[in-house]
Participant: 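Quick one: the structure is below, and I'll ask about it shortly.
The analysis underlying the following values was restricted to heavy atoms, covering all of them including side chains, and did not include hydrogens, waters or symmetry mates.
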Amino acid sequence: MITKILSALNALGVSVYNIVDQTTESAEIYFIKKQEDMRRMKKIREISVIVYKDFDYMGKPMRGMSDVQIAPGMTEDEILMKLSGAYDAAGYVKNPFFELADPNVDSIAPDTEKMNNLSSEDVARVMADALYSPDTNADAFINSSEIFVENTAYHILSSRGTDVSFSKKRVWGEFVVQCVHPEDVEMYFDFEYDDLDTFALSKLASDAITIVSDRANAKEAPTACEYDLILTEKHVYTVLSSYLEKADAAMIFAKYSPYEIGACVQGENIRGEKINLIAVCDQPYALDGVKLENRQILKDGVLKDIVGSTRFCRYLGIEPKGTYDAIRVENGALSLSEMKKKPYLMPVAFSDFQMDAMSGRFGGEIRLAYLFDGENVKVVTGGSVNGSLLEKQDSIVFSKEAFKASNYTGPAAMLIPGVSVAGA
């Protein structure tokens, strides 16, 4: 198939291109309560071709681009027609000229230890056992779940000479927990791991059952005022990943982000803990052929590196670094129990927790939170959090305890002082 594509590109006179050929073997298992309802095994091959067209516009060099999907069953004439249309379309895209990623040639053998070298279906069943192992409560239980496992083989080719192959495996899914007493409550949870982390999934399921049970007993909303807010686990990632987003070359080039190397992005006078954040690669190459490696983004609150796609890194005049989703953050000096010695509000479930990296605003509607008034802890529901990271980033504190997911390794909790909460 690749030979047919290269032949068509040559016939069309396309001299600049990037091809990503990926084959995915997957397993999907669906459960109703603990009973398997359906399973599906698939093997799909997808080939994406980006074609580039160089031209001048108002005396300036341009490099237009257009991408197209090539199905494995296409004939040579169909491939030629698809690529011809994409090449014509590229001539209308007025991107300033940039050079593609520098060439890489490599073939990385699959990690035989990852996921214990099991088949995708076996991985799904092992993770299903882990998910349901804490499900022993008659009143609060997992009423449905979906588990997905993918093993994807990548082959990347470019006109600059890149020819790399590697594989990537991941497991993810979602489940709904229901509590029927004292009122009927359902809540949605999801997960994603890049290894066979049965312990983490069992803990998540156990925590989810507790959360839904407590939500069924929560009656009051927190009083509207400012609280010392403790965010946990995936909500910590949501907030801290905004630093990685603002360190992306595309955001900086477009002037959405003011970041520059050496900037004290956490502020000049840090009263809390200084953030040390690393962008973590979850595969050896980006899909444009850039070799990925872990990169220190923040060191003691100071910006040390900028990452991003080849195009925007070239525009900034820096080495292409590739794009990242995963981060690793240094843990703090305070234990979670120490954080809880003073009055706090700790939301553990939101309807939709969001973070706007550019404005620094974060928040969401509270489904369940624990409120400590200095003497007692009670469960509350309702109200909403509305905070500003830019206003509070100089005084945040991280926990000693760690949390790990596919996109995050770091403190399990962070304390943000004086956050506004709308409530009763």
Participant: Which atoms form the tightest heavy-atom contact between Y324 and E293, and what is the distance?
Facilitator: OH-O, 2.8 Å

Participant: In terms of ring plane angle, is the pair H235 and F350 parallel, tilted or perpendicular, where the classes change at 30° and 60°?
Facilitator: perpendicular

Participant: For residues K321 and C313, report the shortest heavy-atom separation together with the two atoms involved.
Facilitator: N-SG, 3.7 Å

Participant: If you count every heavy atom of other residues, nucleotides or ligands that lies below 6.0 Å from K404 atom NZ, does the total exceed 12?
Facilitator: yes

Participant: Relative to the ring of F98, is the ring of Y52 parallel (under 30°), tilted (30 to 60°) or perpendicular (over 60°)?
Facilitator: perpendicular

Participant: Considering all heavy atoms of both residues, which atom of V419 and which atom of G387 are nearest to each other, and what is their separation?
Facilitator: CG1-CA, 3.9 Å

Participant: May I ask you to say whether R170 pairs ionically with D194, meaning some side-chain N is under 4.0 Å from a carboxylate O?
Facilitator: no

Participant: Is the number of heavy atoms from other residues, nucleotides or ligands within 6.0 Å of CE (M81) greater than 12?
Facilitator: no

Participant: Quick one, R40 with E146, criterion salt bridge (Lys or Arg N to Asp or Glu O under 4.0 Å). Give me CA distance, side-chain angles, the key distance, then yes/no.
Facilitator: CA-CA 11 Å; R40 182 184 297 126; E146 302 176 8; over 6 Å; no

Participant: Check this for me, if you would: do E401 and K340 make a salt bridge, where the nitrogen-to-carboxylate-oxygen distance has to be below 4.0 angstrom?
Facilitator: no

Participant: Is it true that, when you exclude Y256 itself, more than 12 heavy atoms of the residues, nucleotides or ligands shown sit nearer than 6.0 Å to its OH?
Facilitator: no

Participant: Has K342 got more than 12 heavy atoms of other residues, nucleotides or ligands less than 6.0 Å from its NZ?
Facilitator: no

Participant: Can you tell whether the side chains of E99 and R314 come within less than 4.0 Å, N to carboxylate O?
Facilitator: no

Participant: Are Q296 and D305 linked by a side-chain donor-acceptor pair shorter than 3.5 Å?
Facilitator: no

Participant: Mind checking whether I70 and I19 have side chains closer than 4.5 Å, heavy atoms only?
Facilitator: no

Participant: Are Y285 and Y154 close enough that their ring centers fall under 6.0 Å?
Facilitator: no

Participant: Start with the C-alpha gap between K341 and D228, add the side-chain angles, then the distance that decides, and say whether salt bridge (Lys or Arg N to Asp or Glu O under 4.0 Å) holds.
Facilitator: CA-CA 11 Å; K341 288 182 178 179; D228 284 355; over 6 Å; no

Participant: Are more than 12 heavy atoms, taken from residues, nucleotides or ligands other than E78, located less than 6.0 Å from that residue's CD atom?
Facilitator: yes

Participant: Does E121 pair with R125 as a salt bridge, N-O distance under 4.0 Å?
Facilitator: yes

Participant: For the side-chain contact (heavy atoms from CB on, under 4.5 Å) test, which of V280, I297, I278, T323 pairs with L244?
Facilitator: I297

Participant: Just by distance, with hydrogens left out, do T24 and S26 show a side-chain donor and acceptor under 3.5 Å apart?
Facilitator: no

Participant: Mind checking whether Y30 and F148 have parallel, tilted or perpendicular rings, split at 30° and 60°?
Facilitator: perpendicular

